[in-house]
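The structure appears below as structure tokens.
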Amino acid sequence: MNLEPVIGLEVHVQLATESKIFCGCPNAFGGEPNSRICAVCLGYPGTLPVLNRAAVDQAVRLSLSLDATINQRSVFARKNYFYPDLPKGYQISQFDLPLAEWGTLPLSDGSALSITRLHLEEDAGKLLHEMPGGGELPGESLVDFNRCGVPLLEIVTEPDLRSAGSAQDALQRLHQVLRFTGTSDGNMEEGSFRCDANVSLRPVGREAYGEKVEVKNLNSFRNVARSILHEIERQTLVLESGQLVVQETRSFDASNGTTASLRSKEEAHDYRYFPEPDLPPLLIDDARLQSLAGALPERPWARADRLRSEFGLTGDDAHLLTQSVELAEYFEEATKCLPENPLGIANWIKTEVLRELKRPDAPPAANWLAPAKLAGLVGMIDNGSLSGSGAKEVFAEIWESHEDPHRATERLGLAQVNDEGQLEAWLQQALKANRGPTEQLLAGEHRVVAFLVGQVMKLSQGSADPRWIRERLLEWSRANGAP
Ligand SMILES: [Zn+2]
């Protein structure tokens, strides 16, 4: 049987705001358990939610950056279920009339993923099964309500993806968009960006979808791809053995790369959605929509296009430098300090900087070497005061220490001598000291050039520019009769 995977994604994005979506408690990760809570986010009787305008703005901005259509009238709904991390017994979400619909996410291969809907909702709390900081709880679980009421935008895509790789790419692109637009910190370890994947199989050529399995709470791009690959394999075996795939929710075990059943369709919640009686419909007028659209930061693909046209970067380099907003900022900041050589800066970021950033202990962007210092280093190569190999040595020294590149060059004795009088004196000294090779050079035997360059480098203790010495030797030999 020739089977085709059908994959759709559901992503929860925590929006970057000062306070929670329906109360004034701070929206921040962590903190002493149950220290960022109030009667509203705990759902005490008699309290009423008040919608946070900033959360709506961030949700609209993220929706607009995905070219979604904003519903200028949307409605909050109660999603009813019982779980210990949900003190109200319901979650305020949106159902029939979401904030936005029909967006588009451009993918790396040039195709695009359709986004079905984007809706606002509140996050739930967290159950702790081990003591904060490690150590087992004695046979019980604790609950931390700090996360209750953190604003979320849920993004649901069409089931248009056909491989684990393209699903991973879609998530990375989506993550890129929210980082470039500043609508979320996107921190996956802290749960600011969480993904569920819906996976089903169908015979190639058949239009109807197969029974789908939802894999919950995938916490890294890699695990999304791994869990989908596993599901494709598992469902293929089920179908090929003549059985049916059971519609269910499964969890992914990152330690062994497999999924396990959480609950079947029969056990699925019936959420009994109804319009939230404590909140009026959310209305967004034209003026607000226009001002949010007008102030939307550049999206990653637009920024890549601009880097190409403004600085003459290749498409691949522009793509590489816009893989994160931090890297794009870094490039542009460095370029401001050395506007005459953007390509040189791009090359240094592509090679030396990215090599450092790939290390497991790579520092956060705030601790990268200042872009002005990188520009200073590239400028020293450009004006001949530092060789390319010397610059690599200096870079390795200053990346962590943040030392000034000029000072580090001096300290390491790597400064290249530009004084032509001095260089000429070393060159003549080397010629005099090496009569045999000098005569060979004058006879046109170019193979001795490297030896003589080496002698000059020795005399200069490495501070001469070998390219300059080589050219000058050839020039001198021709001026003195060499063929
Ligand atoms: Zn609160």
Side-chain angles (χ1 to χ4, degrees), residues 11-63 74-95 98-99 118-129 131-133 137 140-155 178 182-194 217 269 271-284 288:
V11 181
H12 286 88
V13 176
Q14 285 185 345
L15 298 168
T17 57
E18 291 292 315
S19 52
K20 293 184 179 179
I21 186 166
F22 298 123
C23 65
C25 292
N27 169 19
F29 176 77
E32 181 74 15
N34 300 309
S35 62
R36 292 170 185 154
I37 52 174
C38 71
V40 176
C41 51
L42 290 188
Y44 277 28
T47 61
L48 287 172
V50 177
L51 181 60
N52 178 353
R53 189 180 172 92
V56 176
D57 284 350
Q58 289 291 48
V60 170
R61 292 170 73 239
L62 185 46
S63 303
S74 65
V75 171
F76 285 99
R78 267 190 202 182
K79 181 179 180 179
N80 299 282
Y81 66 95
F82 173 78
Y83 201 70
D85 66 6
L86 191 71
K88 291 206 290 264
Y90 61 87
Q91 178 190 26
I92 302 180
S93 180
Q94 296 188 303
F95 190 56
L99 177 76
L118 305 98
H119 67 253
L120 268 166
E121 60 185 29
E122 59 180 335
D123 212 339
K126 244 192 269 186
L127 288 182
L128 303 176
H129 305 293
M131 294 294 282
L137 292 170
E140 51 193 39
S141 291
L142 299 176
V143 66
D144 175 9
F145 291 125
N146 281 353
R147 203 176 67 176
C148 280
V150 164
L152 291 178
L153 187 69
E154 180 172 340
I155 303 171
L178 56 95
T183 44
S184 169
D185 68 21
N187 190 320
M188 292 181 94
E189 286 91 56
E190 295 180 357
S192 305
F193 185 85
R194 313 197 288 269
N217 291 330
H269 299 294
Y271 294 118
R272 301 271 166 170
Y273 281 99
F274 61 83
E276 169 58 54
D278 291 341
L279 285 166
L282 169 55
L283 304 176
I284 297 167
R288 183 174 176 192

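First listed ligand is number 1; within each ligand, the first listed atom is number 1.
- The salt bridge (charged side-chain N to carboxylate O under 4.0 Å, His left out) pairs that include a residue from residues 182-194 are Asp123-Arg194, where partners are two or more places apart or lie in different chains.
- Legend: residues meeting ring-ring contact (aromatic ring centres under 6.0 Å, His included) with Tyr44, ordered by chain and number and at least two apart, are absent.
- A salt bridge links Arg78 to Asp278: one of the charged nitrogens lies within less than 4.0 Å of a carboxylate oxygen.
- Judged as a salt bridge (charged side-chain N to carboxylate O under 4.0 Å, His left out), and not counting sequence neighbours, the contacts of Lys88 are Glu122.
- If you look at the Zn ion (ligand 1), the protein N, O or S atoms less than 2.8 Å from it are Cys23 SG, Cys25 SG, Cys38 SG, Cys41 SG.
- Of all the heavy atoms in Leu99 and Ser63, the pair that sits closest is CD2-OG, 4.1 Å.
- More than 12 heavy atoms of other residues, nucleotides or ligands shown are found within 6.0 angstrom of CZ on Phe274.
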